[in-house]
Trainee: 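One structure is given below, represented as C-alpha cells, and several questions about it will come after.
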Amino acid sequence: MVADEAAGSDGVLNIGEVLTRLEPEFPETTVSKIRFLESRGLLAPGRSAAGYRQFSETDVARLTWILRQQRDHFLPLKVIGVLLAEGRDLVEEGEGSSRSFAEEARVRDLGSVSMNHEELATAAGL
C-alpha cells in the first residue's frame with residue numbers, strides 16, 4: 001500500500017491508521033501509549049475541527065523514531081525529549097557521529113548510567 005493511499009484525502013492519518021502503520025514494527029503500541037507520549041510533549045499532532053488527532057507523515061516518522069529509541073537504545077523519555085529538542089530525530093543514526101544516541105546521552109550525562117570498562121572506554125573515545 002502506498003503511504004498516500006493510507007492517509008485520508010487531506011494527507012493526514014487518524015490515530016487508528018497510525019497504529020495500523022506502526023503494527024508491523026511495534027505490535028505492542030497502543031492508543032494510550034501514543035496519547036501518553038503526546039501528553040509528555042514528545043508529539044504534537046494537529047487536531048480536526050472536532051478535536052480528533054490528525055497525524056502527518058512527519059508526526060508518524062517522529063513517533064517511529066521515539067519508539068525505536070525506547071526499544072533499541074533503552075533511552076528514557078527525558079533523554080528522548082532532550083534529543084528531540086536538539087532536532088536529533090531529523091538526523092539518521094550513524095550520520096555525523098560514530099556514537100549511538102545512547103552512548104552520546106551517557107557522555108553528556110543526561111541520566112544516570114552504569115557502564116562496564118569497555119563501554120566507558122568507548123564513551124570516552126578511547
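We use all heavy atoms of the structure for the numbers below, so side chains are in, but hydrogens, waters and symmetry mates are not.
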Trainee: Look at K33 together with E28 and state whether they make a salt bridge at an N to O cut-off of under 4.0 Å.
Mentor: no

Trainee: Output the distance between atom OG1 (T58) and atom CG (L63), rounded to the nearest 0.5 Å.
Mentor: 12.5 Å

Trainee: Quick one: list whatever passes side chain to side chain contact (heavy atoms under 4.5 Å, CB included) with S48, sequence neighbours left out.
Mentor: A50, Y52, Q54

Trainee: What distance do I80 atom CD1 and H73 atom NE2 have between them, rounded to the nearest 0.5 Å?
Mentor: 9.5 Å

Trainee: Could you state the interatomic distance from CD1 (I66) to CG (L84), rounded to the nearest 0.5 Å?
Mentor: 5.0 Å

Trainee: Does L75 form a side-chain contact (heavy atoms from CB on, under 4.5 Å) with L83? I'd like the steps, not just the answer.
Mentor: CA-CA 10 Å; L75 294 181; L83 294 172; 3.8 Å; yes

Trainee: If you apply the rule side-chain contact (heavy atoms from CB on, under 4.5 Å), what do you find for E57 with R21, and how did you get there?
Mentor: CA-CA 11 Å; E57 290 298 325; R21 179 91 58 94; 3.0 Å; yes

Trainee: If you compare all heavy atoms of R68 against all heavy atoms of F26, which two are closest, and at what distance to 0.1 Å?
Mentor: CG-CZ, 3.6 Å

Trainee: Could you grab the distance from atom CZ of R35 to atom OG1 of T30, nearest 0.5 Å is fine?
Mentor: 9.0 Å

Trainee: Looking at I34 and F55, what are the two nearest heavy atoms and their distance?
Mentor: CG2-CZ, 3.7 Å

Trainee: Give the intermediate values and the outcome of side-chain contact (heavy atoms from CB on, under 4.5 Å) for residues V18 and D59.
Mentor: CA-CA 9 Å; V18 171; D59 293 325; over 6 Å; no

Trainee: From L42 CG over to F36 CZ, what is the distance, rounded to the nearest 0.5 angstrom?
Mentor: 8.5 Å

Trainee: Mark yes or no for whether Q70, through its side chain, and L67, through its backbone, hold a donor-acceptor pair below 3.5 Å.
Mentor: no

Trainee: I'd like to check the salt bridge (Lys or Arg N to Asp or Glu O under 4.0 Å) partners of E23; sequence neighbours left out, ordered by chain and number.
Mentor: none

Trainee: Would you call E38 and R62 a salt bridge, taking side-chain N to carboxylate O under 4.0 Å as the test?
Mentor: no

Trainee: Might you confirm whether atom CZ of R40 has over 12 heavy atoms from other residues, nucleotides or ligands at distances under 6.0 Å?
Mentor: no

